[in-house]
Amino acid sequence: EAGVTQFPSHSVIEKGQTVTLRCDPISGHDNLYWYRRVMGKEIKFLLHFVKESKQDESGMPNNRFLAERTGGTYSTLKVQPAELEDSGVYFCASSSLTGSYTEAFFGQGTRLTVV
Amino acid sequence: SQKIEQNSEALNIQEGKTATLTCNYTNYSPAYLQWYRQDPGRGPVFLLLIRENEKEKRKERLKVTFDTTLKQSLFHITASQPADSATYLCALDNQAGTALIFGKGTTLSVSS
């Protein structure tokens, strides 16, 4: 069974540019999460989808971040325009059930560097 | 707001010894607590989950305890091996029970 896949693995962009990160969850997992780890800090929650619906986007930093999950399959996270403080590792995770009583499967992450 | 502290950023032990990692939390009473392992350049990998009404959970050489009075979880690796070297993350459910709140992690180094 394929795991959670994220593209690209690395991205270096200039301040002001746009970047789109993609996440393919494990097939059949309705729950999809985006997390981010900024250097020196803990992994922080960004948002949660159940199928194509956003259940919780309380962790999204600002309106420069837009997440979508059309059709309830893969998800994209767009940053537009990117700022220096957006640099970090973006993780996607999926799970079959909602809630922390079940394990989450994480992708390898996308390392975003804004210069 | 909820806060998680993993007491040590780094822990160095010798092969064969037991590694004990600590996770403390405040301002919350989580229903579940999870431990993950993260290797460099990889995403976190789930290890164990323990519920608030469970005192202890074991899986092979791993043992997790959950003390809701002390607001603390201990993570033990017995008979540690160099392959156990990694960063270990403690995670709790958020108040909505829909996502995870992570600690910064403890980087364990096991020397042979």
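Quick note on labels: first sequence line is chain A, next is B, and so on, each numbered from 1.
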Side chain proximity check, [X] to [Y], heavy atoms < 4.5 angstrom:
X	Y	value
A/Phe45	B/Phe102	no
A/Tyr35	B/Leu100	yes
B/Ile101	A/Ile43	no
B/Gln38	A/Arg37	yes

Segment of A/Ala104 engaging chain B (4.5 angstrom heavy-atom cut-off): both
Are more than 12 heavy atoms from other residues, nucleotides or ligands located less than 6.0 Å from atom [atom1] of [X]?
X	atom1	value
A/Lys54	NZ	yes
A/Lys44	NZ	no
A/Arg22	CZ	yes
A/Tyr74	OH	no
B/Arg42	CZ	no
B/Lys57	NZ	yes
A/Glu85	CD	yes

Is it the side chain or the backbone of B/Ile4 that comes within 4.5 Å of chain A heavy atoms, both, or neither? neither
Please report the closest heavy-atom contact between B/Gly43 and A/Phe91, naming both atoms and the distance. CA-CE2, 3.6 Å
How long is the straight-line distance from CD of A/Gln108 back to CG of B/Asp39, given to the nearest 0.5 Å? 13.5 Å
Does the separation of the ring centres of A/Phe106 and B/Tyr36 fall below 6.0 angstrom? yes
